[in-house]
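Let me begin by presenting the structure, written as C-alpha cells, before commenting on it.
Quick note on labels: first sequence line is chain A, next is B, and so on, each numbered from 1.
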Protein chains: 2
Amino acid sequence: MNKKQITLSDLAKELGISTATVSRALKDYPDISDETKVRVLGLAKKWNYRPNSMAAGLRKRESKVIGVIVPDIINHFFSSVIKGIMSVAYDADYRVMLMQSDESFEKEQVDAEALFSSRVDGVLVSVAHGTKSYEHLLQFNNSGIPIVFFDKVPKEVVDSSKVMVDDFHGAFSVVEHLLEQGCRHIAHFRGPQLASTSINRYEGYLAALKKYDLPVNEALILECEELTLEEGQAFTNRILNSGQPVDGIFAVTDAVALGTLVALREAGKKVPQEIAVAGFSDWKISAILDPPLTSVAQPSEEMGTLAAKLLLKEIAGMKDDEEVSPETIILRTELKIRKSSMKKTFL
Amino acid sequence: MNKKQITLSDLAKELGISTATVSRALKDYPDISDETKVRVLGLAKKWNYRPNSMAAGLRKRESKVIGVIVPDIINHFFSSVIKGIMSVAYDADYRVMLMQSDESFEKEQVDAEALFSSRVDGVLVSVAHGTKSYEHLLQFNNSGIPIVFFDKVPKEVVDSSKVMVDDFHGAFSVVEHLLEQGCRHIAHFRGPQLASTSINRYEGYLAALKKYDLPVNEALILECEELTLEEGQAFTNRILNSGQPVDGIFAVTDAVALGTLVALREAGKKVPQEIAVAGFSDWKISAILDPPLTSVAQPSEEMGTLAAKLLLKEIAGMKDDEEVSPETIILRTELKIRKSSMKKTFL
DNA sequence: CTGAAAGCGCTAACAC
DNA sequence: GTGTTAGCGCTTTCAG
C-alpha cells in the first residue's frame with residue numbers, strides 16, 4: 001500500500017540520473033540513448049508512474065482539459081451532444097470538465113469562473129434560458145481561451161464560433177406540413193422567450209402561417225417554461241377548454257408534444273383526425289408511440305463532434321498564434337412525418 | 001484584449017506588497033488588516049483575477065476535482081445519476097471530470113489513467129460490461145484516492161464503498177407480480193453476463209420462479225448485448241416464432257421492454273391479456289404508453305447524490321488521516337404496476 | 001546524449 | 001500584520 005504518488009525525481013533518484021533525462025525518455029525524445037530509455041520505461045512501469053498533469057499543465061500553460069457547460073444533462077439532446085464532444089476529446093487526448101447551469105444565469109456564471117480557474121484550454125457552451133448578458137463567457141475570449149457556442153447561442157453578436165441547427169427552417173417545414181394536411185388553426189407551445197432555439201422555432205411557425213396567409217391567433221400560442229410533458233398536458237387542456245378552434249398543435253419539443261398526446265388521448269380526441277400533433281427533436285420513443293409522433297430530427301451527436309472539432313482547431317490555432325476567424329455551422333434538420341400529423345389519410 | 005492571465009504577483013507588484021499577503025487577503029485570512037484586504041479585493045476585481053487552480057492544486061496536493069466514469073452518458077439512468085453527482089459536487093465546490101467507457105474494458109482503463117494523471121481527489125465508477133479485472137481501479141485505493149462504485153459494481157470483493165439498487169429484490173417482486181397475475185410461462189430478456197445488475201435481476205427472476213415451484217425454461221431466457229429497443233423487438237419475435245408458450249415477458253430494462261411492446265403490437269398480440277410485459281428502470285415515458293408499462297423504479301438521481309456524498313466524506317477523511325471504512329448502500333426499488341401486466345383485470 | 005538550473009503560480013512555515 | 005523562503009512536479013533552455 002503505497003500512499004505516496006511516484007514522481008519524476010523518484011525515478012531519477014533510483015536510476016541515478018537527472019529528472020530531465022527521465023522526462024525526456026518518457027516523452028520519447030530523439031536525443032536519448034536506447035539504453036536509458038529502456039531503463040526509464042521499465043522502472044516507470046514497475047512503479048506504475050503516472051505524470052502529474054497539474055504540474056505539467058502549470059509548466060506548459062495548458063491543461064488538456066476542455067470545459068463544457070450545458071443547461072441540463074438529463075435532456076437526451078444534450079447528453080447526445082456531450083457524447084459527441086467526449087468522443088472527439090478522447091481521440092485528441094483531451095479531458096472534459098462538465099458543468100450544468102440548470103438554466104440559471106447565476107449558476108452559469110459560477111460555472112464559467114470555475115472553468116476559468118481550472119485554466120481549461122477551451123470551452124463549449126450552450127447558454128441557459130436565463131442568461132441575459134455574456135461577460136462571464138466573453139472573458140474567455142479576452143484571455144485567449146477559445147469558446148464555441150452550440151445549440152442555444154447568444155442572441156447578441158458575439159465574436160465566437162457557433163454550431164446550431166436550423167431551427168427556423170425545421171419549424172417552418174413541420175408547420176407547413178401541418179398546413180398541407182389541412183390544418184387551419186395551429187396552436188404553438190413555444191419555449192422560453194430568451195432561448196435562441198425557441199425564438200427561431202417560433203419564427204418558423206409564424207413564417208409558415210404567413211405563407212398560407214393565415215392570421216396569428218395569440219390565444220393559440222402558449223409559452224412553456226419547463227418544457228416538460230406535464231406542461232404539454234396542461235397547455236393542451238387549457239386550449240381544449242378555451243373553446244378556441246384547434247386542429248393542429250406544434251410543440252417546441254417532443255417532451256411537450258408527448259404531454260399533448262396524453263392530454264388528447266384522455267380527452268378522447270382523435271389524433272390526427274381531429275387534431276394533428278407534431279414535435280421537435282425526434283426522440284427515439286416518439287416513433288414507437290401510438291400514434292407515432294411527427295417530429296423534426298436534429299443531429300445531436302454530430303453537433304457535439306463538430307463543435308468539439310471546431311474548438312480543438314481553435315485551440316491549436318491559438319497555440320501557433322494564428323489568426324482564427326470564427327465560423328458558424330448550421331446543421332440541417334430532417335422532417336419525420338408520422339401518423340400523428342397525417343390528417344389527409346383519414347379524409 | 002489582455003491575453004495574459006493575471007497572477008498573484010501581478011497584483012502584488014501593483015500594490016507594492018508580497019504575494020503571500022495578497023494570497024491571504026484573497027482567502028480571507030484572520031491576520032490581515034482590513035485596509036489591505038480591501039485594496040487587494042478591489043484590485044483583484046478590477047483585473048478580474050482568477051486563481052490558477054493547477055498551481056494551487058500542485059501546491060496543496062488536491063485538485064478539487066472528482067472523476068466520474070460511466071458506461072454511457074446517453075442512457076437516461078446514468079445521466080440522472082450524473083446530475084445527482086454534479087449537484088453535490090457543485091455545493092461542495094468540487095468540479096467533475098467526466099469519462100465514458102462505452103462499456104469497454106480498454107477504454108475504462110485509459111479513462112482511469114487519465115483521471116489518475118489529473119490527480120482527481122476521488123473517483124466514482126460504474127463499471128463497464130466488458131470489465132474483467134480491477135487493477136486499473138484499485139490503483140486509486142492504493143494511492144490514497146478514494147473510489148466509490150455505483151450501480152454496476154465489481155463482482156469480486158473490493159474494499160471500497162458501493163451504492164447500488166436492490167436489483168435482486170426489484171426483479172423478484174416484479175416477476176412475483178407477473179406470477180400473481182396468472183403468468184406461468186415468463187420469458188426473461190436478461191442483460192450481459194458480466195454486469196452485476198443484470199446478474200442480480202436474473203437471479204431475482206429465478207428466485208421468483210422457484211417460489212412458485214416453476215421450472216426454468218432456458219428457451220425463454222435470452223441475453224441482450226446492447227440493451228436496446230431493437231433487441232427487445234428481435235427477441236420478442238424470436239420467442240413468438242419459436243412456438244414456445246409465453247404469457248409474460250420480463251425485460252431487464254425499459255428500453256428492451258419498449259421493443260417488446262412494439263413487437264407484440266405488430267404481431268397483433270394483446271397486452272396484457274395474451275402476454276403481460278414488465279420492464280426495469282421506470283422511464284418517464286413508460287407510464288404514458290398505451291398500454292402503460294409496468295416497471296421497477298430505481299432512484300437514479302438519489303444514487304448519484306448518495307455516492308457523491310459518500311465520496312466527499314471519504315476524501316475529507318483521507319485528508320484528516322482518519323480510518324474510513326467502506327460502506328455499502330443498497331437503495332430500495334419500487335414496483336410500478338400498470339396496465340401492461342394487469343392480466344387479472346381482463347379475466 | 002545528459003545534467004544543472006530556472007520557473008510555471010500558488011501556499012505555508014517561519015520569521016520579525 | 002506582513003515579508004521571506006522554499007517547494008509542489010514538471011518542462012525546457014542552456015551548457016557541456
Checklist entry - When the nearest nucleotide of DNA chain D is assigned to K60(B) and to D34(B) on a heavy-atom basis, which residue is associated with the more 5' position? => result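 This one resolves to D34(B).
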
For [X], which contact category applies under a 4.0 Å heavy-atom criterion: base, sugar-phosphate, or nothing?
{"X": "T36(B)", "result": "sugar-phosphate"}
{"X": "D31(A)", "result": "base"}
{"X": "I32(B)", "result": "sugar-phosphate"}

Within the structure, does a side-chain N or O atom of [X] lie under 4.0 Å from either OP1 or OP2 of [N]?
{"X": "Y49(A)", "N": "dG9(D)", "result": "no"}
{"X": "S23(A)", "N": "dT12(D)", "result": "no"}
{"X": "K27(B)", "N": "dT11(C)", "result": "yes"}
{"X": "T19(B)", "N": "dC10(C)", "result": "no"}
{"X": "Y29(B)", "N": "dA12(C)", "result": "yes"}
{"X": "R61(B)", "N": "dG9(D)", "result": "yes"}

So, [X] and [Y]: side-chain donor and acceptor under 3.5 Å apart, yes or no?
{"X": "Q5(A)", "Y": "R61(B)", "answer": "no"}
{"X": "S18(A)", "Y": "T21(A)", "answer": "yes"}
{"X": "S80(A)", "Y": "E301(A)", "answer": "no"}

Whole angstrom value for the distance that separates [atom2] of [N] from [atom1] of [X]:
{"X": "R59(B)", "N": "dT11(C)", "atom1": "CZ", "atom2": "P", "result": "9 Å"}
{"X": "K64(A)", "N": "dT11(D)", "atom1": "NZ", "atom2": "P", "result": "12 Å"}
{"X": "R39(B)", "N": "dG1(D)", "atom1": "CZ", "atom2": "P", "result": "16 Å"}
{"X": "F116(A)", "N": "dG9(C)", "atom1": "CZ", "atom2": "P", "result": "12 Å"}
{"X": "Q5(B)", "N": "dC10(C)", "atom1": "CD", "atom2": "C1'", "result": "15 Å"}
{"X": "I6(B)", "N": "dC10(C)", "atom1": "CD1", "atom2": "P", "result": "10 Å"}
{"X": "L26(A)", "N": "dC10(D)", "atom1": "CG", "atom2": "P", "result": "9 Å"}
{"X": "N52(B)", "N": "dT11(C)", "atom1": "CG", "atom2": "C1'", "result": "13 Å"}

Item to check | Partner of M164(A) by side chain to side chain contact (heavy atoms under 4.5 Å, CB included), out of L331(A), D151(A), V153(A) | outcome: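 It is V153(A), the one option of L331(A), D151(A), V153(A) that forms the side chain to side chain contact (heavy atoms under 4.5 Å, CB included) with M164(A).
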
Checklist entry - Nearest nucleotide by nearest heavy atom, which residue falls closer to the 5' end of DNA chain C, S18(A) or A20(B)? => result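 Here S18(A) is the residue nearer the 5' end.
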
Picking from [options], which would you name as closest to the side chain of [X]?
{"X": "I17(B)", "options": "dG9(C), dG3(C), dG3(D)", "answer": "dG3(D)"}
{"X": "T21(B)", "options": "dG9(C), dT2(D), dG7(C)", "answer": "dT2(D)"}
{"X": "A56(A)", "options": "dG3(C), dC10(D), dG9(D)", "answer": "dC10(D)"}

Checklist entry - In terms of side-chain geometry, is the basic nitrogen of R95(A) or D93(A) positioned less than 4.0 Å from the acidic oxygen of its partner? => result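 A salt bridge is present here (some side-chain N lies under 4.0 Å from a carboxylate O).
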
Next on the checklist: Quick check: any donor-acceptor pair below 3.5 Å linking the side-chain of R24(A) to the base of dG3(C)?
Outcome noted: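 Present.
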
Item to check | Centroid-centroid distance, F105(A) to H136(A), less than 6.0 Å | outcome: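 For F105(A) and H136(A), the ring centres are under 6.0 Å apart.
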
